[in-house]
Every structure is written in C-alpha cells, then in structure tokens.
Amino acid sequence: MFSFRSSNTSMTTGVRRFLATEALYGIGIGLYSLALNLHLLALGASGGQIASISAVGILIMGIGALPAGMLAGKIGRKPMLLAGSMLVAAGAALFAAGRSLPVWYAAQAVASAGFMCIETTEIQLLFRYCRSRREESRAFHGMFAVFTAFTGLGNLLGGILSRADASAAGHAPSLYASAVCIAVLSLLRLRLLPAERAAGGSGGAPSMGDSGDGGRGGPAGADASGSGLRPGAEAEAEIANGNRDAAEAESRGRDTTDKGPGDSGRRNSAKTPEATASESAARGAEEKHASRWGPAKPTVSRGRRPAERVPRLPQGLRSLLRNRSLWLLASNACLIGFVFSFIGPFMNVYLKFRAAWGDDLISYVYTVNGLVLFAASLAAPKIMERWGAKAAFTGAFLGNAGLALLLLIAQPTPVFAALLVLRSGSFSLLGNLVDSETMSSLREEDRNLYAGMRAVFRCVGSSLSTMSAGFFMNAGDYHTPFLIAGVLLIVNFMYFRSRVLPLIIKRNDNLRGEPQAGGA
C-alpha cells in the first residue's frame, strides 16, 4: 500500500486525477454488478433469460467496438470515455425503471454501448497521460486497484440498500444509486481530466494543469527514453523526420530546373555526356510539346520520378490488414473472453442456487471479492517485475485452471464461496497482466485499433460462452461451466505461450536496449 501511494505521487496530474475519479466508477459498477442479476431474478426473469440479455449486450459491444476504436482516433478518447459513462448511467436507470423483457433488452443495449465506449478508450487515454512505459504499467494496475477496492464498497452499499428496501421493486435503489455515481463521475472527468492533446506533447512535457509536475516526476521521469519521447512517440518522430527529409530532397530536385544557367551548368558539370544529351533531348521534346499545347510542365530529375496518386485504403484499415501482431493479440482476447463469461458474470447466480445463500450473504461475498481483486491488482506489477513475463503468465494461467477444476468438485458452501472468490481474484490478476502487457507492447498509433479489435474478439468469445452458460443454468447444472473454463484456460495458455508471449518479450527486450534518460 505504501509503495502504491508513493508511486502515485510521482505520476503526472492527468494520471492522478484519472485514478482519483476511478473510485466513483468502482462504486457505481459495484452497485450495478451486485444488483442487476438479483434484480431481474426478483422480478421473475429466469437464468436463461438473464444469460440471453447478457449475450445480446455482448454482441452489441462486439459489433460496435471496432468502429468505436476508429472513432476515438478522430474525435478524441476523452469525449468517447465521457459519452460511454453517461450511457452506462442511463442503462442502469432504465434497468431500475423497467418491468418487462423488452425494456430490459433496451437497457442492456444502452449500457453495452456505454461499456463499449469505455473499453475502447480508457486504457489508451490513461497511457496517453503517462511519460514512460513503467509509468504506464503502474498507472494501469493502479487504476484496477482503485476500481476493485471501491467495487467492494459498492457491493457492500448494494447489500445495505437491498436490505433497507423490502418492496417488490427488486434491487432498483441500488441500480439508481449506480446511475447517480457514474453520472457524477462523467461530470467530474469532464472538468478535471486534462485535454488529450495536451498530454501527448514531445519531450515528456507536463499535461495541462501539471504546473511543471513533469520536472518533479522523481523515479518515473528517469524511465523516459533518451530522446525525450514516450515509447510509440519515437516511431512517430522518425516517420515525421523521414517525411521531412524526403520533402527536402524533392525540393532540391525541383531546384535544378528553377536555377539560372550558371547554377545549372555547375550541377551538370559532373554528369556524363550521355546523361546530358538525354536530358537535352527530353527538354527539347517538352518545349515542342509546349509550343502546341501550352506551357510545359517543370522538368523532373531522372533520379526521382513524380509520385503517382494511387487510391489508398484508410490508415486504420491498412494497419489492420498488414499487422499480424494485432490479429494474434485479438485472437487471444477472444479466448480470454470465452473463459471469463462462463463464471465471472454469474457469480451471484452460482452463490444463490448452488450455495443456496441469501442476497445479504452474497453482498458480503462480493465485498470480500472486491478486496481480493484490489490485492490482486496491487500484486500484478510486482509479480511481473520479480518473476518476469514467462514465469508470471505461466503461474497465472495454470493457477486459474487448477482453481476452476477444483470448483467442479462438490464441497461445503463456505469452501465453495472462498474458492470462488480466490478464483475471481486470480483471474483478475491474469486479465490485468494480459491487458497491460499486450497494450503496452504496441506502438501508440496501433493502440486505438487494437482496443477496438480486442473488444470485438472478446465480445465474440463472451457471447458464445454466455449463451452456453445460460443453457447449463436452465438445466440446473452449476458444475459443468467450471470444467469447461478449466480446460479452456489450458488451451488459452498453450496459445498464449506460443503466439503472444514472444511479442511481449521482444518488446521488453527492445525497450531494455534503448538508452535511458540520465544514462551514459
């Protein structure tokens, strides 16, 4: 906890404000995640209907995620993030007010559109406020630490509100409270977060409102590369320099036709007679052509042909088609989503029907779960730094697979609840490690596109597993989903180890090879 607080003080103003407001998002989602399924069950929805509503929402996110990622590159990540928060708040309020299946589907569509906007912008915006890759990692895990800690508080508040309201309204008060928290979050971030364009300046300049904080960054400032640019910005600078050099070379080529006879003679003195004769013939042909059809076009040097304008695909689509790494990472996101949705969204359903616990006990379990998630978020960067990528991911994948298979066995309900919470925390640690390292391994210009692809592929996997879980719940089978999740985690680990991990290790090796600020 002390190390998290000390590292937070060395972060930029944009990161600190983002993390501070993340507390409201955690409370709002804690209220929402605890209350939603229980609210629908109290109003007469079946487990299969709940799974169908969730699957429709996931499909909506999958359809719109890639266009949303591209749109974020045009209108900015901050406006997209704020719009997403307001949509989630509206969806929570509509769930609370609705009493029929069509209204619940509409509420799910609105909330899913909001989650889609948030998922495709929040990590990239947070990284945009950072000055180095190490600060990106700390900010990412700090965001999840704050989120999960206050998610537990939201779960606790949801249990209190559900006990205070014994009417037939289900868990509507918790959903309304969630809507208020997330709406207030949107207003605070609109006012407090720096503009995105101010965060991306070269040289690690402080964001708007930093008041020179970039110069007092402490250890984080020492991780910036020697060029003074964040990872990803260096590639942009090199491209810009290359374009500038090409423009200068082309202008020098044009100058050969615009200079006077003396200068032309000096330039042509070094040429061979054959080259001089061929150029004279070309100029004579052009003068003849000009006498008939008007002024001749400027002569172009033989060494450089004029660039032909060929129809080109949009930049995002070109990157999508030629970047193999994006497809490998997106396929891994599909597997992660498929594994997650067998268990994660239905924890309260498993506790209610397999453990036969009441809503108040479930709220306590969710509160403890929030604390476990908070601890997992804090532990993730330490595990990565101490063990290294290969050992950390191996332990996280195989540990999660073992816990999922252990939950398949019939056992006393307190033991089942404890293992369920432990599995939730370990899977959160795995997801944080995967999301942080895969996003940070990409260049800045590819992150928006990958965020959209990740959301699309993850939603495809999640929708399939959600519908499958609904089938088992309708049949009263609350054991088989754990077996499927355990087997899929092993399959996912095999794919990750062979296809994704080499990309992460290669990126880490490249960054270690770059000169660091303040170094020799």
*Partners meeting side chain to side chain contact (heavy atoms under 4.5 Å, CB included) with Leu503 (sequence neighbours left out)*: Ser325, Leu328, Leu329
*asked:* Minimum heavy-atom separation for Val339 and Ala485, please, with both atom names.
replied: CG1-O, 4.1 Å
_With heavy-atom distances below 4.5 Å as the criterion, would you say the side chains of Met86 and Leu82 are in contact?_
no
_Holding to side chain to side chain contact (heavy atoms under 4.5 Å, CB included), I want the full list of residues that pass it with Leu87, two or more places apart in sequence or in another chain._
Val110, Ala113
*Grab the two heavy atoms, one from Met70 and one from Leu449, that are nearest each other, plus how far apart they are.*
CE-CD1, 3.8 Å
*Report the C-alpha distance between Phe338 and Phe342 in whole Å, list the side-chain angles of each, state the deciding distance to 0.1 Å, and finish with yes or no for ring-ring contact (aromatic ring centres under 6.0 Å, His included).*
CA-CA 7 Å; Phe338 199 85; Phe342 269 105; 5.5 Å; yes
_Pairing residues for Arg77 by the salt bridge (Lys or Arg N to Asp or Glu O under 4.0 Å) criterion, not counting sequence neighbours_ = Glu196, Glu444
*Stacked cation flag Arg423 on Phe427, 6.0 angstrom / 45 deg*: yes
_Shortest non-hydrogen contact from Val184 toward Leu24_ = CG1-CD1, 3.8 Å
*Can you list every pair that meets side chain to side chain donor-acceptor pair (under 3.5 Å) and has a residue in residues 18-29, with sequence neighbours left out?*
Thr21-Arg189, Glu22-Arg189
_Thr12 vs Glu135 side-chain heavy atoms within contact, under 4.5 Å_ = yes
*What side chain to side chain donor-acceptor pair (under 3.5 Å) pairs are there with at least one residue in residues 334-345, not counting sequence neighbours?*
Ser341-Ser462
*Step-by-step salt bridge (charged side-chain N to carboxylate O under 4.0 Å, His left out) determination, Arg447 to Glu136*: CA-CA 13 Å; Arg447 288 178 177 177; Glu136 287 180 355; 3.2 Å; yes
*salt bridge (Lys or Arg N to Asp or Glu O under 4.0 Å) with Glu119: which residues, sequence neighbours excluded?*
Arg458
